Amino acid sequence: MLFSRKIAFIGTGNMGEALLGGLLKAELTNPENIIATDVREYRLDEVKKKWGVNTTTDNHRAVAFADVIVLCVKPQALSAVLSEIKADIRDSQLIISIIAGITTRTISKFIGKENPIVRVMPNIPAVVDEAASGLCLGEYAEELHKEIAMKILGAVGEVEALPEELMDVVTGLSGSGPAYIYMVIEALTDGGVMMGLPRNIATRLATQTVLGSAKLVRETLEHPAVLKDQVTTPGGTTILAIKELEESGLRPMLIRAVETATNRSRELSRFLEKKNNIHNDSD
Ligand SMILES: NC(=O)c1ccc[n+]([C@@H]2O[C@H](COP(=O)([O-])OP(=O)(O)OC[C@H]3O[C@@H](n4cnc5c(N)ncnc54)[C@H](OP(=O)(O)O)[C@@H]3O)[C@@H](O)[C@H]2O)c1
């Protein structure tokens with residue numbers, strides 16, 4: 001389905017490269033079907049050398065080439081990019097936006113056209129093909145457009161389709177989530193070091209523990225509490241550690257972290273829309 005479609009990545013930073021690289025590694029398309037743009041020539045040289053895709057600093061050329069346009073610039077660059085390309089956008093083109101905090105309605109309003117738009121919130125493990133992404137459909141997007149976006153994002157990890165009002169929650173959980181888990185890995189490592197392990201070994205053990213535990217949840221589909229109970233021997237080491245974690249409030253702390261990040265995402269979204277002067281009338 002996707003194979004013959006031409007895809008333009010507008011902005012080829014961390015995410016743009018992760019997505020185009022994911023498609024090529026999964027052999028879902030050929031480099032000739034992809035064009036990548038950026039404002040920096042040297043960045044495009046790197047991407048061309050590594051992946052063999054077409055590159056250009058000219059966003060007009062990329063839009064003319066593509067069936068699918070993937071917006072991968074920072075939110076601050078959005079209004080400049082959309083002003084630049086909106087006249088080039090053809091009715092048949094699917095627009096996929098990975099830009100945090102910008103709604104499909106806002107993009108539709110900005111371009112003044114009824115193109116199908118799919119909004120995606122990926123996360124940084126996309127660079128190692130282990131992203132946890134949420135996506136939602138804009139007003140003019142249909143099942144086929146969802147399938148195309150699922151395929152592109154599916155090449156770099158797991159994807160969940162959701163109503164747009166839940167995209168800020170996706171940001172608060174999986175978008176920001178890698179930072180929470182890095183802190184957990186760092187703290188477990190420090191615990192190991194405090195109790196005598198060399199730091200490099202403690203880091204490897206902590207990292208593998210997080211990875212292996214996540215994999216077990218994913219592969220067994222067991223409730224995490226069941227898996228926790230399975231490793232908790234009566235009167236043993238783990239139950240005492242769990243008491244410490246409960247007394248220190250690990251669970252409410254993580255719940256509040258997701259709540260706070262979600263609320264901040266909502267706030268930033270409103271700010272970005274006002275800043276870009278693309279506030280929706282009905283808001
Ligand atoms: N990184 C994450 O974890 C993550 C997670 C979820 C969603 N996102 C979203 O993904 C988007 C991209 O994030 P990122 O981390 O990949 O950012 P990034 O590394 O800064 O990539 C954006 C790229 O776009 C380039 N650019 C700027 N203006 C442009 C223009 N007019 N035309 C073409 N290219 C242009 C930038 O060049 P300069 O650097 O020279 O400006 C940069 O190379 C953001 O909107 C972010 O909200 C990121």
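Just so it is clear, the values below take in all heavy atoms, side chains as well, and ignore hydrogens, waters and symmetry mates. Owing to the predicted nature of the structure, the values given are computational and were not obtained by experimental measurement. Whatever order the structure lists them in is the order used to number ligands and atoms, beginning at 1.
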Trainee: For atom 12 (C) of ligand 1, find the nearest protein heavy atom and state the residue, atom name and distance (0.1 Å precision).
Mentor: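 So the nearest neighbour among protein heavy atoms is Cys72 O, 3.2 Å.
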Trainee: Side chains of Leu71 and Leu82, heavy atoms from C-beta outward: is any pair under 4.5 Å?
Mentor: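 The answer is yes, as the side chains (C-beta and beyond) meet within the 4.5 Å cut-off.
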Trainee: Hey, which atoms in ligand 1 end up nearer than 4.0 Å to a heavy atom of Asn14?
Mentor: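 Listed by number with element, the hits are 15 (O), 16 (O), 19 (O).
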Trainee: Salt bridge or not for Glu46 and Arg43, using N-O below 4.0 Å?
Mentor: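 A salt bridge links Glu46 with Arg43.
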Trainee: Could you tell me whether Met121 approaches ligand 1 through its side chain, its backbone, both or neither, with non-hydrogen atoms closer than 4.0 Å?
Mentor: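 Near ligand 1, Met121 shows its side chain, while the N, CA, C and O stay back.
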Trainee: Under 6.0 Å from the CD atom of Glu222, do we count more than 12 heavy atoms belonging to anything else shown?
Mentor: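 Yes, the 6.0 Å shell around CD holds more than 12 heavy atoms from other groups.
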Trainee: Which residue pairs pass the side-chain hydrogen bond (donor to acceptor under 3.5 Å, both in side chains) test when at least one of the two sits in residues 56-75, sequence neighbours left out?
Mentor: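 Qualifying pairs, neighbours excluded: Thr37-Asn59, Asn59-Glu84, His60-Asp88.
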Trainee: When you measure from the heavy atoms of Lys74 to every atom of ligand 1, does any distance fall below 4.0 Å?
Mentor: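 Lys74: in contact with ligand 1 (<4.0 Å).
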Trainee: At a 4.0 Å threshold, what atoms of ligand 1 neighbour a non-hydrogen atom of Thr37?
Mentor: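 It comes down to these atoms of ligand 1: 33 (C).
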Trainee: Pair up each side-chain donor or acceptor in residues 161-174 with any protein partner under 3.5 Å, not counting sequence neighbours, and list the distances.
Mentor:
from, atom 1, to, atom 2, distance (Å)
Glu164, OE1, Thr104, OG1, 2.6
Glu164, OE2, Thr104, N, 2.9
Glu164, OE2, Arg119, NH1, 2.9
Asp168, OD1, Ser265, OG, 2.6
Thr171, OG1, Met167, O, 3.0
Ser174, OG, Val170, O, 3.2

Trainee: Salt bridge between Glu147 and Lys151, side-chain N to carboxylate O under 4.0 Å?
Mentor: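 Between Lys151 and Glu147 there is no salt bridge, as every charged N stays at least 4.0 Å from the carboxylate O atoms.
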Trainee: Heavy-atom contacts with Ile98 under 4.0 Å: which atoms of ligand 1 show up? List them by number with element.
Mentor: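 Those qualifying, in numeric order: 7 (C), 8 (N), 9 (C), 10 (O), 11 (C).
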Trainee: What about Gly16: any of its N or O atoms under 3.5 Å from an N or O on ligand 1?
Mentor: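 Among all N and O atoms of Gly16, none is under 3.5 Å from an N or O of ligand 1.
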Trainee: Please check if the side chain of Asn54 supplies one atom and the backbone of Ile34 the other of a donor-acceptor pair under 3.5 Å.
Mentor: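 Yes, because the side chain of Asn54 sits within donor-acceptor range (under 3.5 Å) of the backbone of Ile34.
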Trainee: Give yes if a backbone or side-chain nitrogen or oxygen of Arg43 is under 3.5 Å from a nitrogen or oxygen of ligand 1, and no if not.
Mentor: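 No.
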Trainee: What part of Ala100 sits under 4.0 Å from ligand 1 if we count only heavy atoms: the side chain, the backbone, both or neither?
Mentor: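 The answer is both, backbone and side chain.
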Trainee: Quick one: closest heavy-atom pair of Val193 and Ala202, and the distance?
Mentor: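 For Val193 and Ala202, the tightest heavy-atom pair comes out as CG2-CB, 4.1 Å.
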Trainee: Restricting to non-hydrogen atoms, name the atom on Ile95 and the atom on Ile89 that form the minimum distance, rounded to 0.1 Å.
Mentor: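 For Ile95 and Ile89, the tightest heavy-atom pair comes out as CD1-CD1, 4.0 Å.
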Trainee: With a 4.0 Å cut-off on heavy atoms, is Pro122 in contact with ligand 1?
Mentor: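 Yes, that is the case, since the closest heavy atom of the residue is under 4.0 Å from the ligand.
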Trainee: Would you mind reporting whether Glu139 and Ser108 have side-chain heavy atoms less than 4.5 Å apart?
Mentor: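 Contact flag for Ser108/Glu139 side chains = no.
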Trainee: May I ask whether Pro75 has any heavy atom positioned less than 4.0 angstrom from an atom of ligand 1?
Mentor: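 Pro75 counts as a contact of ligand 1 under the 4.0 Å cut-off.
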Trainee: Should we say atom CD of Glu27 is surrounded by more than 12 heavy atoms from elsewhere, each under 6.0 Å from it?
Mentor: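 No, because the 6.0 Å sphere around CD of Glu27 holds 12 heavy atoms or fewer from other groups.
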Trainee: What protein heavy atom sits nearest atom 16 (O) of ligand 1, and how far off is it?
Mentor: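 Result: Met15 N, 2.8 Å.
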Trainee: Are any of the N or O atoms of Val73 closer than 3.5 Å to those of ligand 1?
Mentor: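 There is such a contact, yes.
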Trainee: Determine whether more than 12 heavy atoms belonging to other residues, nucleotides or ligands lie under 6.0 Å from atom CG of Asp91.
Mentor: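 For Asp91, atom CG is not crowded (no more than 12 foreign heavy atoms under 6.0 Å).
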Trainee: To which protein heavy atom is atom 27 (C) of ligand 1 closest, and what is the distance rounded to 0.1 Å?
Mentor: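 The closest heavy atom on the protein side is Val39 CG2, 4.1 Å.
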Trainee: Can you name the atoms of ligand 1, numbered from 1 with element, that are less than 4.0 Å from a heavy atom of Val81?
Mentor: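 In order of number, 30 (C), 31 (N).
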Trainee: Going by distance only, is there an N or O of Glu84 that falls short of 3.5 Å from an N or O of ligand 1?
Mentor: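 No - when backbone and side-chain N and O of Glu84 are compared with those of ligand 1, no distance drops under 3.5 Å.
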Trainee: When you compare ligand 1 with Asn59, is there at least one nitrogen or oxygen pair between them that comes in under 3.5 angstrom?
Mentor: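 It does: an N or O of Asn59 is found under 3.5 Å from an N or O of ligand 1.
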Trainee: Can you sort out which atoms of ligand 1 are near Ile99, meaning under 4.0 Å from one of its heavy atoms?
Mentor: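 Listed by number with element, the hits are 45 (O).
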Trainee: Side chain, backbone, both or neither: which part of Leu78 has a heavy atom under 4.0 Å from ligand 1?
Mentor: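 Answer for Leu78: neither.
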